[in-house]
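Before any comments, here is the structure.
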Protein chains: 2
Amino acid sequence: MRQNTGMLELAILGFLYDRSLHGYELRKRITALTGHVRPVAESTLYPAIKRLEKAGLLARETQPGAVAAPRHVLSLTDAGRRALRRRLTEPARADITDENRWFTLLAFLRHLDDADAQAGVLRRRLDFLQEPASFFYEGDRPLRAEELDDPFRQGILTIARATSRAELAWLRKTLVSLD
Amino acid sequence: MRQNTGMLELAILGFLYDRSLHGYELRKRITALTGHVRPVAESTLYPAIKRLEKAGLLARETQPGAVAAPRHVLSLTDAGRRALRRRLTEPARADITDENRWFTLLAFLRHLDDADAQAGVLRRRLDFLQEPASFFYEGDRPLRAEELDDPFRQGILTIARATSRAELAWLRKTLVSLD
DNA sequence: AGACTATACATCGGTATCGATGTATTACGG
DNA sequence: CCGTAATACATCGATACCGATGTATAGTCT
């Protein structure tokens with residue numbers, strides 16, 4: 001599957017899991033969720049809706065437009081609900097490693113009603129964050145911020161470490177409370 | 001331009017700015033830099049190289065392979081060097097807002113020898129981080145972690161805030177030292 | 001009255017990316 | 001001596017995404 005695939009589809013499925021929405025409303029919610037970081041073009045949303053509809057994951061019902069053009073109210077089918085739960089339970093590697101995708105996944109993780117499954121997902125992220133990885137290496141050895149003389153590269157490591165720390169603390173706390 | 005465009009191209013230009021490299025070596029460096037978050041497929045790298053070559057930004061010189069197949073040693077042309085400096089000086093909006101792209105940009109920002117230009121870029125990121133934005137809203141009002149009852153969504157805000165704090169501190173410190 | 005914004009969808013061409021697959025060579029462990 | 005891994009490139013079909021553009025209607029501001 002294409003790398004970005006799913007970030008948008010995941011958001012669509014996630015929002016519709018709660019309640020039916022028409023495309024325009026969906027777009028506003030997606031923009032609120034991820035738009036400040038990665039805006040979603042309109043010309044990307046509607047084809048994505050069609051894809052999901054064609055795959056049988058969602059159904060549309062046309063309503064007279066409350067304000068303007070007629071609305072297509074979208075709702076998840078049973079297959080769509082299953083698909084979301086599956087994507088949340090067994091996320092792709094990139095959903096775990098890429099912060100943008102991870103946040104999108106987290107935003108809908110509550111839709112898994114199984115606390116064990118939720119904990120499993122958090123544990124995968126925990127494992128990933130604990131892998132010894134850097135952005136810069138000397139041979140195979142990951143370098144620390146202090147070992148670099150480039151202030152901007154130091155910044156990358158400094159910021160990444162702060163994020164990592166905060167997230168590890170949150171993950172551990174949340175894993176405990178999921179017990 | 002396509003949203004992701006440039007993250008890869010930026011990395012290619014950035015690495016070659018230092019020294020000439022053949023594709024395979026380039027790939028290893030890019031993988032080290034961003035691979036743990038977002039792996040780059042081989043089938044993406046070579047076409048990207050061709051694009052840049054076609055655009056006159058880099059030149060290739062074939063050498064007998066040291067170990068295996070013949071190498072194509074890539075080096076930036078003058079136009080390529082100008083292109084990188086331009087991309088660093090006037091980054092696209094998405095280079096500022098998307099952490100993945102921002103980190104890639106930061107990794108090569110030292111190639112701007114003008115401290116003012118570097119500071120200008122950091123200031124754009126600073127402005128972005130200071131915009132009042134959340135992932136969740138009540139009407140137009142951004143919600144804080146404490147106002148949510150979903151622990152996973154709380155996590156998103158908690159982590160994002162920690163990152164933001166760390167980065168703001170680093171940005172301010174670095175801006176001072178660039179004076 | 002006219003301009004503009006928000007609502008609400010849609011199509012289309014261009015392209016960056018992906019996964020699969022292919023082609024060679026060298027080095028190394030069993 | 002044989003399989004596997006690493007080196008080093010390349011092509012190709014599928015597709016997700018983008019920007020531009022189009023089509024309506026309703027409300028608001030001037």
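Letters go in sequence order (proteins before strands), and every chain restarts at 1. Predicted model only: the values in this text are computed from it and were never measured. These values consider heavy atoms only, across backbone and side chains, with no hydrogens, waters or symmetry-generated copies.
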Length of the line joining [X]:[atom1] and [N]:[atom2], which is rounded to integer Å:
| X | N | atom1 | atom2 | result |
| --- | --- | --- | --- | --- |
| B:Tyr46 | C:dT21 | OH | C1' | 15 Å |
| B:His72 | C:dT23 | NE2 | P | 17 Å |
| B:Met7 | D:dC17 | CE | C1' | 16 Å |
| B:Leu45 | D:dC12 | CG | P | 18 Å |
| B:Tyr24 | D:dT7 | OH | C1' | 5 Å |
| A:Arg27 | D:dC17 | CZ | C1' | 14 Å |
| A:Asp98 | C:dC18 | CG | P | 12 Å |
| A:Arg93 | C:dC18 | CZ | P | 15 Å |

For A:Arg71 and A:Glu25: C-alpha separation, side-chain torsions, deciding distance, then whether salt bridge (charged side-chain N to carboxylate O under 4.0 Å, His left out) applies. CA-CA 10 Å; A:Arg71 291 170 165 178; A:Glu25 177 63 27; over 6 Å; no
Is there a donor-acceptor contact under 3.5 Å from the side chain of B:Gln118 to the main chain of B:Leu112? yes
Would you name the heavy atoms of A:Leu168 and A:Gln130 that are closest together and state the gap between them?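 Taking every non-hydrogen atom into account, CD2-CG, 4.2 Å.
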Which nucleotide in the list [options] gets nearest to the side chain of [X]?
| X | options | answer |
| --- | --- | --- |
| B:His22 | D:dT11, D:dC18, D:dA8 | D:dA8 |
| B:Ser43 | C:dA20, D:dC9, C:dC9 | C:dA20 |
| A:Arg51 | D:dA6, C:dC9, D:dC17 | D:dC17 |

Does A:Phe135 share a hydrophobic cluster with A:Tyr137, counting links as ILVMFWY side-chain heavy atoms below 4.5 Å and allowing steps through other members?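 The answer is no; the residues belong to distinct hydrophobic clusters.
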Both B:Lys28 and A:Thr44 contact DNA chain D. Which one's nearest nucleotide lies toward the 5' end?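 Checking each residue's closest nucleotide, the 5'-ward one belongs to B:Lys28.
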Short side-chain N/O contact to C:dC9 OP1/OP2 from A:Lys50, under 4.0 Å: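 Result: no.
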Look at B:Arg71 and C:dA24 and indicate whether a side-chain polar atom (N or O) is within less than 4.0 Å of OP1 or OP2.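 Answer is no, no contact under 4.0 Å.
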Less than 6.0 Å separating the ring centroids of B:Tyr17 and B:Phe108?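 No, ring centres 6.0 Å or more apart.
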